[in-house]
Amino acid sequence: MSDVIRLLPDSVANQIAAGEVIQRPASVIKELVENSIDAGATAITIILKDAGRTLIQVIDNGCGMSDTDARLAFERHATSKIRRADDLFSLSTMGFRGEALASIAAIAQIDLRTMLKGESIGTRIVINGSKIESQEPEACAQGSNLMVKNLFFNVPARRKFLKKDSVELSNIMREFERLALVNIGVDFTIISNDVTLHSLRRGSMKQRIADLFGRSLDKQIVPVDTDTSIVRISGFIGLPEYARKRNVLQFLMVNGRNMRHPYFHKAIMQCYEHLIPADVQPNYFINLTVDPETIDVNIHPTKSEIKFENEQAIWQILTATVRESLGRFNAAPAIDFDVDEAPEIPVFSPDSAADHEVELDEGYNPFAQPSRSSRTSALSGDDEVASPRSKTESSLNFSRSSERFQDWEKLYDDFVKKRDDGYASMIESKVNAPEAELEMDTAAPVSATLQLKQTYILTPSRDGLMIIDQHRAHKRILYDSYITKVRERAFVCQRTMFPEVVELSPSQDAVLADVLPSLEELGFSLAPLGDHSWSINGVPSVLIGANPRDTLLGMIECVTETGEDLASSLHERIALSMAGSSAIRRGQTLSATEMDKLISDLFRLPTPARTPDGKTIFTIVNLDDIAKMLG
């Protein structure tokens with residue numbers, strides 16, 4: 001039998017590696033910019049054509065490369081960042097695998113010009129699908145100028161499944177924001193189709209946040225700063241009153257590297273409990289500085305998942321730091337009261353006490369302010385120095401409360417007597433009623449509804465107790481109402497009395513400009529105000545009463561996530577986005593009539609059990625389960 005195992009050619013191996021490292025144009029920009037940062041660049045320019053599909057060009061003023069290094073840089077596992085395995089535990093650079101450039105060269109056409117600092121001549125190298133076509137000396141500026149052309153030109157399946165340009169540009173802008181935020185000492189410029197989207201100058205962390213996301217954030221964030229032997233925490237957190245439902249800005253960084261860490265995110269969110277509603281989230285920009293030997297970044301090719309040796313200790317320090325900042329800037333209450341479960345406490349009312357005529361000492365002025373000494377005595381609780389006046393008032397108050405207590409006992413006795421009499425008369429009427437009437441009465445359906453925590457509706461059903469999520473139920477009802485109108489383009493634009501201004505990020509602005517004609521067909525009237533701001537002058541008539549800003553942001557988010565154009569996308573997503581934004585929210589109090597109507601409208605639908613995106617709307621606790629719970 002002949003041998004069947006053989007080594008793959010380098011070009012094939014590089015294409016396989018590219019599937020993990022290079023997922024879309026944004027991945028290319030991330031890898032190239034991180035290489036420029038590692039090369040000591042202080043100014044980086046990114047030039048795009050067709051959202052990176054045709055051209056991605058990254059120009060930096062870093063240390064540059066020699067002609068030999070320029071050729072070796074595109075070989076697999078060729079790197080200047082580490083020498084041995086132990087170096088993985090003390091990384092101070094963004095890259096270290098030696099896979100990025102080889103992966104990019106395998107699925108694109110490369111044109112690199114680079115020159116070392118202090119040299120007078122550089123080198124130019126041209127690569128086509130991992131094959132080096134030419135390398136020759138060339139005069140160029142210090143640093144590197146790398147062009148990536150025709151991304152995925154030799155992998156048609158990958159190129160075909162790239163999203164439309166507006167979506168890919170949105171992803172590029174998100175990656176650019178992360179890179180610019182973590183490298184505040186670098187000048188960044190990004191140009192797309194000859195339009196400058198950002199031109200950032202080095203400065204402080206707060207300046208970079210304002211340059212990226214708008215000057216309005218200056219008053220919405222407060223600093224966090226602590227330094228311990230385990231971790232140094234710095235950055236900014238958002239004030240609770242500026243928490244958002246959409247377009248939330250949340251960035252976690254460690255040692256100048258962006259990361260995703262659900263555990264630390266949960267620690268931050270826990271600090272905002274009882275300060276913000278459940279359906280909003282705060283902004284935060286937090287950087288952790290730790291000993292490189294206590295973290296492991298060699299987990300995923302994108303290097304965004306990081307393991308911490310002192311994870312539990314950092315969690316506690318992070319929680320204490322965020323809470324301290326919220327308290328220092330009066331963002332958190334000094335004492336948290338759980339009013340949901342608290343018993344009702346009677347409070348003395350001066351108005352009710354005024355009904356009792358009381359003989360007071362001669363010369364008493366009811367409108368006079370207490371003297372300083374009496375106030376001091378009251379605060380100190382010193383009974384010995386209390387004036388005769390206070391003792392007289394105390395005895396009068398005690399006698400009044402005794403009278404009220406006696407009146408309450410009499411009222412309670414009357415209530416018990418009437419209750420017992422009512423029970424007796426009800427039982428007597430049941431006994432004397434005809435058998436048929438008794439059967440009809442016991443079989444009568446119960447229509448009572450109850451709202452729990454302003455979130456769930458409880459109602460009896462034939463099989464037990466039905467629990468309905470009010471937001472999801474209304475979302476299902478609105479969706480079925482909207483879907484027909486969306487398909488028929490039956491919306492009418494309703495002009496708003498006071499236009500609402502919405503500020504977008506550059507990535508959202510690019511998406512909105514692309515889908516604007518489709519939004520106008522649906523009944524939106526939008527006008528650009530410049531600097532990524534838009535005025536909402538009209539909304540579809542069916543959305544009157546809904547928040548137009550949340551609705552618009554939800555539709556932009558829908559397009560970004562799915563990559564579909566509103567004009568040719570699934571109409572269901574448009575209806576779902578509008579229904580989700582217009583539906584009643586969790587925490588909204590409903591009357592008995594509103595709950596009954598909601599239940600009635602829900603069960604008229606052909607599919608009332610789930611929302612259009614597959615979430616459960618209601619559940620039933622059957623009688624057998626209730627019996628088991630009660631033993």
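- Closest heavy-atom contact between A108 and K149: CB-O, 3.6 Å.
- Residues meeting the side chain to side chain contact (heavy atoms under 4.5 Å, CB included) test with R201, sequence neighbours left out: D187, T189, S199.
- L516 has its side chain out of reach of F524: every pair of non-hydrogen atoms, C-beta onward, lies at least 4.5 Å apart.
- Applying the side-chain hydrogen bond (donor to acceptor under 3.5 Å, both in side chains) rule to E177 yields no partners; only residues at least two apart in sequence or on another chain are considered.
- N255 and V290 make their closest contact through OD1-N, 2.9 Å (heavy atoms, listed as atom of the first residue, atom of the second, distance).
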Task: Trace of the side chain to side chain contact (heavy atoms under 4.5 Å, CB included) decision for E503 with F213 - done: CA-CA 9 Å; E503 295 182 1; F213 306 111; over 6 Å; no
Open item on the list: Between R244 and N283, does the side chain to side chain contact (heavy atoms under 4.5 Å, CB included) criterion hold? Intermediate values first, please.
Closed with: CA-CA 8 Å; R244 307 179 180 185; N283 300 323; 3.5 Å; yes
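- Closest approach of Q207 and G203 over heavy atoms only: OE1-CA, 3.3 Å.
- Looking at L48 and N193, their side chains never come closer than 4.5 Å, going by heavy atoms from C-beta outward.
- In terms of the side chain to side chain contact (heavy atoms under 4.5 Å, CB included) criterion, residue partners of R71 (sequence neighbours excluded) are, by chain and number, I125, I132, Q135.
- Every residue was checked against the side-chain hydrogen bond (donor to acceptor under 3.5 Å, both in side chains) condition with T228, not counting sequence neighbours, and none meets it.
- Of all non-hydrogen atoms in P528 and W534, the two that sit nearest each other are N-CE3, 3.6 Å.
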- [ ] Could you check I221 against Y242 for side chain to side chain contact (heavy atoms under 4.5 Å, CB included), going step by step and ending with a plain yes or no?
- [x] CA-CA 9 Å; I221 55 178; Y242 296 104; over 6 Å; no
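- Side-chain contact check for R124 versus D111: some heavy-atom pair is nearer than 4.5 Å.
- Rounded to the nearest 0.5 angstrom, R549 CZ and K245 NZ are separated by 10.5 Å.
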Side-chain donor-acceptor distances from residues 51-62 under 3.5 Å, at least two apart:
unit_1: R53; atom_1: NE; unit_2: D165; atom_2: OD1; d: 3.4
unit_1: R53; atom_1: NH2; unit_2: K163; atom_2: O; d: 2.8
unit_1: R53; atom_1: NH2; unit_2: D165; atom_2: OD1; d: 2.9
unit_1: T54; atom_1: OG1; unit_2: D50; atom_2: OD2; d: 2.5
unit_1: Q57; atom_1: NE2; unit_2: N145; atom_2: OD1; d: 2.9
unit_1: D60; atom_1: OD1; unit_2: G62; atom_2: N; d: 2.8
unit_1: D60; atom_1: OD1; unit_2: S144; atom_2: N; d: 3.3
unit_1: D60; atom_1: OD2; unit_2: S36; atom_2: OG; d: 2.7
unit_1: N61; atom_1: OD1; unit_2: T42; atom_2: N; d: 2.9
unit_1: N61; atom_1: OD1; unit_2: A43; atom_2: N; d: 3.1
unit_1: N61; atom_1: ND2; unit_2: T42; atom_2: OG1; d: 2.9

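- Of the inter-residue distances, the one linking K266 atom NZ with C271 atom SG reads 12.5 Å to the nearest 0.5 angstrom.
- A distance of 13.0 Å separates CZ of F251 from CG of N287, quoted to the nearest 0.5 Å.
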- [ ] Could you walk me through whether R232 and S234 pass side chain to side chain contact (heavy atoms under 4.5 Å, CB included), step by step?
- [x] CA-CA 7 Å; R232 184 181 188 278; S234 60; 3.3 Å; yes
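- When the side-chain hydrogen bond (donor to acceptor under 3.5 Å, both in side chains) test is applied to E168, the partners found at least two apart in sequence or on another chain are R24.
- Side-chain contact between I127 and E133: absent, with no pair of heavy atoms (C-beta onward) separated by less than 4.5 Å.
- For the pair I286/I268, a side-chain contact is recorded, criterion being any heavy-atom separation below 4.5 Å from C-beta on.
- A donor-acceptor pair is defined here as one N or O able to donate and one able to accept, closer than 3.5 Å; no such pair exists between the side chain of D69 and the backbone of M65.
- Once rounded to the nearest 0.5 Å, the distance linking CG of L288 with CD1 of I233 reads 5.5 Å.
- Residues that satisfy the salt bridge (Lys or Arg N to Asp or Glu O under 4.0 Å) test with E324, not counting sequence neighbours, are R328.
- Taking both residues in full, the closest heavy atoms of I121 and A139 are given as CD1-N, 3.6 Å, listed atom of the first, atom of the second, then distance.
- T68 has its side chain within reach of S66: a pair of non-hydrogen atoms, C-beta onward, lies under 4.5 Å apart.
- Take Q142 and apply the side chain to side chain contact (heavy atoms under 4.5 Å, CB included) test, not counting sequence neighbours, and it matches M115, K117.
- Each of I110, L112, L146 was checked for a side-chain contact (heavy atoms from CB on, under 4.5 Å) with L101, and the lone residue meeting it is L146.
- Not counting sequence neighbours, the partners of Q250 by the side chain to side chain contact (heavy atoms under 4.5 Å, CB included) test are V248, H265, M269, Q281, P282, Y284.
- Checked against ring pair (Phe, Tyr, Trp, His ring centres under 6.0 Å), H198 has the following partners two or more places apart in sequence or in another chain: F176.
- Contact between S27 and I22 at its shortest, heavy atoms only, is CB-CA, 3.9 Å.
- Remark: the backbone N or O of D291 is paired with a side-chain donor or acceptor of T294 at under 3.5 angstrom.
- In this structure, NZ in K206 is found 5.5 Å from CZ in F236, a value given to the nearest 0.5 Å.
- Pairs engaging residues 211-222 under the salt bridge (Lys or Arg N to Asp or Glu O under 4.0 Å) rule: D211-R215 [sequence neighbours left out].
- S533 places no side-chain N or O within 3.5 Å of a backbone atom of L529 that could act as its donor or acceptor partner.
- Q508 CD to L552 CG: the interatomic distance, rounded to the nearest 0.5 Å, is 9.0 Å.
- K49 pairs by the side-chain hydrogen bond (donor to acceptor under 3.5 Å, both in side chains) definition with D194, not counting sequence neighbours.
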Open item on the list: Would Y263 and F308 count as a ring pair (Phe, Tyr, Trp, His ring centres under 6.0 Å) here? Give the steps.
Closed with: CA-CA 11 Å; Y263 188 57; F308 287 76; 9.8 Å; no
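- Residues R323 and Q270 have side chains in contact (heavy-atom distance under 4.5 Å, counting atoms from C-beta outward).
- You'll find the side chain of L249 reaches within 4.5 Å of the side chain of L217, heavy atoms only.
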